[in-house]
Amino acid sequence: MPYATVTAKDGGSFQAYVATPAKSPAPALVVIQEIFGVNKVMRDLTDSFAAMGYLAICPDIFWRIEPGIDITDQTEAEWQKAFELFGKFDVDAGVQDLIATLEHARGMAECTGKAGSVGYCLGGKLAYLMAARSNAQANVSYYGVGLDELIAEANGISAPFLAHVAEKDGFVPPEAQAKFVPVLEAHPNAAVHVYQGQDHAFARVGGKHYDKASADLANQRTRDFLARHLG
């Protein structure tokens, strides 16, 4: 069952990569892509969450622009394509697609009914919005972009939310972090960790800014958080 077809709330359907755990039923986890589509990095992450015991599902949230995007961060042409997709992406429609994915996962025989989300980069922004707008029971954001423009959304966070922030994030400057980090630190349902000296995508294996020590720490915090709230 490598892929499932998810029905969008406003019509149409899209594909989602699915990785099943060794034992089921299990809690579900919607794994939210970066700007490079459901590529090998995202499929490997989805597989890794399944290995931890989750029914992991990674939807193609660029399907409304161009279905099946699968590119890397290794060439300038691919970066240009990724930024083009990012510019065309409809955030609100994307969140609705993620909510549809969450509901699809909950309806699968392999799911206990508990479900959460974890996202990276663009997906980190969307995981924050899933915390604010969906009934996911736990949400994790890795270096989400644009959270400073979405501060009011924090009022909607009612389930546990974990944010990993890169101190030297080239896409999230200090003045942006100064707007949203204190809001999350003060929020009763949120926890935020700032990784000193780290740049954007420090947890992307094979990426330019990958830092094993910080990635390992963030990933362990994520594992503990998900086990506590979805396990």
To the closest 0.5 Å, what do you measure between [atom1] ([X]) and [atom2] ([Y])?
X	Y	atom1	atom2	answer
Leu217	His193	CG	NE2	7.5 Å
Leu29	Cys58	CG	SG	10.0 Å
Asn135	Met130	CG	CE	8.0 Å

For this session: Return each pair, listed once, that meets salt bridge (Lys or Arg N to Asp or Glu O under 4.0 Å) where at least one residue sits in residues 38-63; pairs must be two or more places apart or across chains.
Result: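 Matches after skipping sequence neighbours: Lys40-Asp44, Arg43-Asp70.
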Is the shortest heavy-atom distance from the side chain of [X] to the side chain of [Y] under 4.5 Å?
X	Y	answer
Ile71	Asn39	no
Val18	Met108	yes
Met42	Tyr17	no
Thr101	Ile57	yes
Leu126	Arg133	no
Gln137	His229	no
Val172	Tyr143	no

Qualifying residues under side-chain contact (heavy atoms from CB on, under 4.5 Å), relative to [X], sequence neighbours excluded:
X	result
Lys212	Tyr210, Asp216
Ala190	Phe161, Leu184, His187
Glu84	Lys81, Lys88
Ala191	Leu162

Exercise. So which pairs with a foot in residues 85-113 pass ring pair (Phe, Tyr, Trp, His ring centres under 6.0 Å), sequence neighbours left out?
Worked result: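 For residues 85-113, and leaving out neighbouring residues, the ring pair (Phe, Tyr, Trp, His ring centres under 6.0 Å) pairs sorted by first residue read Phe62-Phe89.
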Exercise. If you look only at pairs with a residue in residues 24-48, which of them pass as a ring pair (Phe, Tyr, Trp, His ring centres under 6.0 Å), with sequence neighbours excluded?
Worked result: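 Those involving residues 24-48 are Phe36-Trp79.
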Exercise. Looking at residues at least two apart in the chain, or sitting in another chain, which of them share a side-chain hydrogen bond (donor to acceptor under 3.5 Å, both in side chains) with Asp10?
Worked result: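 Once residues adjacent in sequence are excluded, the partners of Asp10 under the side-chain hydrogen bond (donor to acceptor under 3.5 Å, both in side chains) criterion are Arg64.
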Problem set entry | Donor-acceptor contact below 3.5 Å, side chain Ser24 vs main chain Ala26 |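 Answer holds: no.
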Exercise. Any sub-3.5 Å donor-acceptor pair from Asp211's side-chain atoms to Gln198's backbone N or O?
Worked result: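 No; zero donor-acceptor contacts below 3.5 Å.
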Joint cluster assignment, [X] & [Y], ILVMFWY side-chain distance < 4.5 Å:
X	Y	value
Ile157	Phe180	yes
Leu55	Leu98	yes
Leu129	Ile32	yes
Val140	Leu122	no
Tyr142	Phe225	yes

Shortest non-hydrogen separation from [X] to [Y] and the atoms involved:
X	Y	result
Phe202	Ala218	CE1-CB, 4.1 Å
Ser134	Ile99	CB-CG1, 3.8 Å
Gly170	Asp199	N-OD1, 2.9 Å
Ala109	Pro25	O-CB, 4.1 Å
Ala105	Cys111	O-CB, 3.1 Å
Ala56	Phe49	CB-CB, 4.0 Å

For this session: Establish, from distance only, whether the side-chain atoms of Asp92 and Gln96 form a donor-acceptor pair under 3.5 Å.
Result: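 Absent: no donor and acceptor within the cut-off.
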Problem set entry | Thr20 and Glu110 side chains, donor-acceptor separation under 3.5 Å |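 Not at all, the side chains of Glu110 and Thr20 share no donor-acceptor pair under 3.5 Å.
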Problem set entry | Worked check of side-chain contact (heavy atoms from CB on, under 4.5 Å) between Gln15 and Thr5 | CA-CA 5 Å; Gln15 297 297 296; Thr5 300; 2.9 Å; yes
For this session: Starting from the C-alpha separation in whole Å, work towards a yes-or-no answer on side-chain contact (heavy atoms from CB on, under 4.5 Å) for Leu147 and Val183.
Result: CA-CA 11 Å; Leu147 302 194; Val183 173; over 6 Å; no
For this session: State plainly whether the residues Lys9 and Glu103 are in salt-bridge range, i.e. N to O under 4.0 Å.
Result: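 Here Lys9 pairs with Glu103 in a salt bridge, since their nearest N and O are under 4.0 Å apart.
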Exercise. For residues 25-34, which residue pairs qualify under side-chain hydrogen bond (donor to acceptor under 3.5 Å, both in side chains), counting only residues two or more places apart or in two chains?
Worked result: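 side-chain hydrogen bond (donor to acceptor under 3.5 Å, both in side chains) check on residues 25-34 returns Glu34-Arg204.
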For this session: Write out all pairs satisfying side-chain hydrogen bond (donor to acceptor under 3.5 Å, both in side chains) with one or both partners inside residues 161-185, taking only residues at least two apart or from two chains.
Result: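 Output for this query lists His164-Tyr195, His164-Thr222, Asp169-His200.
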Exercise. With clusters built from Ile, Leu, Val, Met, Phe, Trp and Tyr whose side-chain heavy atoms come within less than 4.5 Å, directly or transitively, what are the remaining members of the cluster of Val6, listed by chain and number?
Worked result: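 Phe14, Trp63, all in the cluster of Val6.
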For this session: Please assess Gln80 against Leu85 for the test side-chain contact (heavy atoms from CB on, under 4.5 Å), listing each intermediate value before the final yes or no.
Result: CA-CA 9 Å; Gln80 290 178 4; Leu85 292 162; over 6 Å; no
Taking distance alone, no hydrogens or angles, what donor-acceptor pairs closer than 3.5 Å link side-chain atoms of residues 113-121 to residues at least two apart or in another chain?
from   : atom 1 : to     : atom 2 : distance (Å)
Lys114 : NZ     : Gly231 : O      : 3.3
Ser117 : OG     : Asn139 : OD1    : 2.6

